[in-house]
Amino acid sequence: MRLFKIATWNVNSLRVRLPHVLAWLKEAKPDVLALQETKLPDADFPSAAFIDAGYDAVFSGQRTYNGVAVISRTKPTDILTDLPGLEDPQRRVLGMVAGDIRVLDLYVPNGESVNSEKYQYKLNWLKKLDLFLKRELQKHPRMIVLGDFNIAPEDIDVHDPALWEGQVLFSVPERKAFKSLLQLGFADCFRQINPQEKSYSWWDYRMNAFRRGMGLRIDHILASVPLASQCVKCYIDKSQRGLERPSDHAPVVAEFRLT
DNA sequence: ATGGTTGCAACGCAA
């Protein structure tokens with residue numbers, strides 16, 4: 001029996017949030033931390049800071065936008081940075097293997113608004129992800145897919161479902177795409193552990209949304225069914241959103257008792 | 001009220 005702790009956090013600029021991330025690593029001590037929106041070219045990635053903290057890092061970044069990284073206690077192998085069949089300069093995907101678990105860190109496109117081209121790009125991106133995960137799950141029955149999905153799956157994941165109905169992040173096609181991923185053979189760890197809990201992972205910087213509890217649960221940890229049965233804890237560390245100069249997202253954490 | 005805030009990097013774009 002071995003404990004395995006994994007987390008996801010959209011940091012909205014790793015340059016700005018590095019002190020927060022390092023402090024959080026020290027406190028939470030995850031085995032793996034998946035980051036999104038690092039907004040850093042690979043040449044500027046602060047590898048040394050993570051090595052000092054006892055972690056290895058793999059990253060796929062770009063200037064100004066997007067960018068993903070996985071911080072890991074064990075040496076990452078089988079690194080992957082693109083979805084098959086999707087020509088895309090945007091750095092949103094980072095796969096690696098930690099121990100014997102396939103980990104896929106995702107920064108799913110935001111989609112902007114349901115009438116935009118970016119929304120179509122998002123839906124197409126999710127379709128390509130679906131096709132890839134179907135195949136990848138055959139190769140890696142022990143698999144965790146986590147990150148900023150930019151989708152709130154159910155009413156319970158939205159502070160005001162009536163207000164958000166039909167809006168990007170909560171539209172029916174996005175929620176269908178999310179459900180389709182689960183149907184490949186994944187479980188949403190947070191919802192499995194906390195069936196009734198209303199907790200959010202993102203609050204807009206504007207309108208005092210955090211203070212007013214106006215959030216959405218759009219950051220997720222999906223575990224393949226065999227792994228999900230070994231998930232013993234999943235929670236959102238809301239405290240990080242209340243600190244000075246926070247990211248607009250909070251870390252989501254899952255703990256497994258592996259056999 | 002089509003608002004507001006943050007980050008990047010350049011006076012707008014993306015979230």
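Residue numbering restarts at 1 for every chain, and letters A, B, ... go by the order of the sequence lines. All values below come from the heavy atoms of this structure, side chains included, with hydrogens, waters and symmetry mates left out.
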Determine, step by step, whether A:Asp88 and A:Lys128 satisfy the salt bridge (charged side-chain N to carboxylate O under 4.0 Å, His left out) criterion, reporting the C-alpha distance in whole Å, the side-chain angles of both residues, the deciding distance to 0.1 Å, and the verdict.
CA-CA 12 Å; A:Asp88 193 358; A:Lys128 292 293 192 300; over 6 Å; no
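- Of the N and O atoms on the side chains of A:Asp148 and A:Gln36, not one donor lies less than 3.5 Å from an acceptor on the other residue.
- Rounded to whole angstrom, the span from the CG atom of A:Asp204 across to the P atom of B:dT6 amounts to 10 Å.
- Using a 4.5 Å cut-off on side-chain heavy atoms (C-beta onward), A:Tyr107 and A:Thr38 make no contact.
- A:Arg63 has its CZ atom 10 Å from the C1' atom of B:dA10, to the nearest Å.
- Checking A:Asp148 against A:Leu14, the closest nucleotide of DNA chain B that is more toward the 5' end is the one next to A:Leu14.
- Taking only side-chain nitrogens and oxygens, A:Arg17 never comes nearer than 4.0 Å to OP1 or OP2 of B:dT6.
- Dashed line: the shortest gap from a side-chain N or O of A:Thr64 to OP1 or OP2 of B:dC13 is not under 4.0 Å.
- The listed nucleotides are B:dC8, B:dG4, B:dA15; the one nearest the side chain of A:Met207 is B:dG4.
- Figure legend. B:dT6 is base-paired to B:dA14; pairs are counted as Watson-Crick or G-U wobble with both atom distances under 3.5 Å.
- Rounded to whole angstrom, the span from the NZ atom of A:Lys39 across to the C1' atom of B:dC13 amounts to 10 Å.
- Across all strands, A:Glu37 comes closer than 4.0 Å only to sugar-phosphate atoms, never to a base (heavy-atom distances).
- Remark: A:Arg73 qualifies as a cation-pi partner of A:Tyr55 under the 6.0 Å distance and 45° angle criteria applied to the six-membered ring.
- Using a 4.0 Å cut-off between charged side-chain N and carboxylate O, A:Asp82 and A:Arg91 make a salt bridge.
- The phosphate of B:dG4 (OP1 or OP2) has no side-chain N or O of A:Arg212 nearer than 4.0 angstrom.
- Among the nucleotides B:dG4, B:dC8, B:dC13, the one closest to the side chain of A:Tyr65 is B:dC13.
- Along DNA chain B, the nucleotide nearest A:Asn12 and the nucleotide nearest A:Gln90 are compared for position; the residue whose nucleotide lies closer to the 5' end is A:Asn12.
- Regarding A:Leu35, its CG atom lies at a distance of 16 Å from the P atom of B:dG7, rounded to whole Å.
- When the nucleotides B:dC8, B:dA14, B:dG4 are ranked by their closest atom to the side chain of A:Lys118, B:dA14 comes out on top.
- Because its NZ or CZ atom is not both nearer than 6.0 Å to the ring centre of A:Phe4 and within 45° of the ring axis, A:Arg257 does not count as a cation-pi partner of that residue.
- Atom-to-atom, CD of A:Gln36 to P of B:dT6 comes out at 21 Å; the value is rounded to the nearest Å.
- Rounded to a whole Å, the CG atom of A:Asn208 is 14 Å from the P atom of B:dG4.
- Comparing B:dA1 with B:dC11, their C1' atoms are spaced 25 Å from each other, to the whole Å.
- Protein atom CZ of A:Arg241 is 17 Å distant from nucleotide atom P of B:dA15, rounded to whole Å.
- Applying the 4.0 Å criterion to OP1 and OP2 of B:dG7, one finds that A:Arg245 has a side-chain N or O inside that range.
- In this structure, A:Phe210 atom CZ and B:dT6 atom P are separated by 14 Å, rounded to whole Å.
- Comparing the C1' positions of B:dA9 and B:dA15 gives an interatomic distance of 16 Å, to the nearest angstrom.
- Among the atoms of the strands shown, only primed sugar atoms or phosphate atoms (P, OP1, OP2) are found under 4.0 Å from some heavy atom of A:Arg92.
- B:dA10 sits 30 Å from B:dT2 when the P atoms are compared, rounded to a whole Å.
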